[in-house]
2 protein chains.
Amino acid sequence: MPKQATQDIETRIAALLKRCDLSVTESRRKILHLFLEQPGALAHGDIERKAGEKFDRVTVYRTLQAFVEKGIIHTIPTADNSIRYALCKDECSGGHHHDHHVHFVCSQCDNTYCLDDVVTPDIKLPKGYQAEHVEVVVEGVCKNCKG
Amino acid sequence: MPKQATQDIETRIAALLKRCDLSVTESRRKILHLFLEQPGALAHGDIERKAGEKFDRVTVYRTLQAFVEKGIIHTIPTADNSIRYALCKDECSGGHHHDHHVHFVCSQCDNTYCLDDVVTPDIKLPKGYQAEHVEVVVEGVCKNCKG
DNA sequence: ATGAAAAGGCAACATAGTTGCAAAATCTTA
DNA sequence: TAAGATTTTGCAACTATGTTGCCTTTTCAT
């Protein structure tokens with residue numbers, strides 16, 4: 001990879017952090033890198049394994065928490081009780097989330113993807129219930145695993 | 001409450017357990033009772049708190065696990081990483097689940113409800129993705145909290 | 001009533017997540 | 001760019017959550 005490109009990524013990461021009022025530290029850059037390198041979502045465990053040799057567990061927790069608060073990443077609910085995080089699209093970073101897309105979990109490779117172009121449907125609820133937010137997680141076979 | 005009714009519930013609980021090839025024990029009866037007494041879903045923590053004085057933590061885990069395997073209860077994914085369980089409708093107990101309904105989490109009272117009559121919508125996925133199961137969780141204000 | 005089989009309790013362990021505090025890194029501004 | 005204020009980190013200790021093996025108790029079938 002050309003040095004130019006790497007430089008660009010570092011610059012973009014730093015800019016993103018500053019825009020979010022977060023100081024630019026090694027752990028934050030490293031963890032953001034993990035997300036950028038990877039198309040799917042990351043479980044906390046993944047991140048800890050990949051960044052954990054260099055950083056303390058507590059730092060990983062606090063970093064992810066800060067990223068969620070600032071709208072850099074969002075959480076994806078799963079049935080197996082393992083929180084997964086994925087990068088928000090740029091519009092989120094402003095402050096409030098626009099997290100209206102569908103998530104997809106592959107039952108074969110276990111990767112989780114944000115289907116940014118698939119918006120969550122309106123759900124018709126029984127009388128008396130008032131919807132504020134709809135979460136949709138589809139389980140199935142992803143593009144790569146479908147032979 | 002008349003003795004008759006209580007007797008009936010106990011009988012139904014015992015019958016359900018037997019139908020599922022589970023021996024009728026005190027902890028299983030107690031935990032099933034908790035679900036029947038309550039309209040919404042129960043988090044593991046709730047159950048442990050309510051049944052935990054009488055039963056060991058491990059027993060609660062194993063009981064819930066057995067119930068899920070037999071299709072007596074099902075799990076509901078949540079964003080806050082706390083597994084919630086709810087009774088399946090009778091048809092589930094046969095063996096395979098018919099868990100195609102929408103779940104509702106109240107942001108005020110934090111109760112979780114199965115909206116048994118609201119079926120999960122079809123989601124149109126990008127080319128290459130193949131859906132097997134769709135999970136929908138709606139967050140909002142429930143019937144009781146909506147003033 | 002009795003013995004086989006299943007379930008429960010206990011202990012010990014593994015993993016996940018939190019908190020307070022002192023040390024280190026980052027940022028500000030002069 | 002050096003110095004001080006501020007933020008972040010690492011460490012230690014702790015709570016909570018979940019798992020496993022083994023022995024005792026309960027349940028069930030006869």
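Each chain gets a letter, A, B and so on, in the order the sequences are listed, and its residues count up from 1. The structure displayed is predicted, hence computed values, not measured ones.
- Using a 30° and 60° split on the angle between ring planes, A:Y129 and B:F104 fall in the perpendicular class, above 60°.
- Atom CD of A:E69 is separated from atom P of D:dT8 by 11 Å (rounded to the nearest Å).
- In this structure, the side chain of B:R28 does not engage the main chain of B:T63 through any donor-acceptor pair within 3.5 Å.
- Each of B:I83 and A:F55 was matched to the nucleotide of DNA chain D holding its nearest heavy atom; the match closer to the 5' end belongs to A:F55.
- The interatomic distance linking B:K54 (NZ) with C:dC10 (P) rounds to 13 Å, in whole Å.
- Between the side chain of B:S107 and the backbone N or O of B:G140 there is at least one donor-acceptor pair closer than 3.5 Å.
- For A:D110 against A:R84, the heavy-atom pair with the smallest separation is O-NH1, 2.8 Å.
- Taking 4.0 Å as the cut-off between side-chain N and carboxylate O, A:R62 and A:D56 do not count as a salt-bridged pair.
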Protein-proximity profile, nucleotides 21-30 of chain C, B/S/- by nucleotide at the 4.0 Å heavy-atom cutoff, equals -----SS---
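- Per the geometry, CG belonging to B:D56 stands 15 Å off P belonging to D:dG18, to the nearest Å.
- Taking 4.5 Å as the limit, every side-chain heavy atom of B:I123 sits out of range of all side-chain heavy atoms of A:L115.
- Between B:Y61 atom OH and D:dG21 atom P there is a gap of 17 Å when expressed in whole angstrom units.
- Between B:I73 and B:C88, the shortest heavy-atom distance links the atoms C-SG, 3.4 Å.
- Between the CG atom of A:D21 and the P atom of D:dT6 there is a distance of 16 Å, rounded to whole Å.
- Residues A:C109 and A:N144 fail the side-chain proximity criterion, which asks for heavy atoms closer than 4.5 Å.
- Listed nucleotides: C:dG9, C:dG8, D:dT8. Nearest to the side chain of A:R28: D:dT8.
- Listed nucleotides: C:dT18, C:dG8, D:dT20. Nearest to the side chain of B:V58: D:dT20.
- The NZ atom of A:K30 sits 21 Å away from the P atom of D:dT8 (whole-angstrom rounding).
- Distance CD (A:Q65) to P (C:dA16): 17 Å, rounded to an integer number of Å.
- Side-chain N or O atoms of A:T75 include none that pairs as donor or acceptor with a backbone N or O of A:Y85 at under 3.5 Å.
- If you take CG of B:L64 and P of C:dA7, they are 14 Å apart, rounded to a whole angstrom.
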If you restrict it to nitrogen or oxygen atoms, what contacts under 3.5 Å exist between nucleotides 13-15 of chain C and the protein, and what is each distance?
none

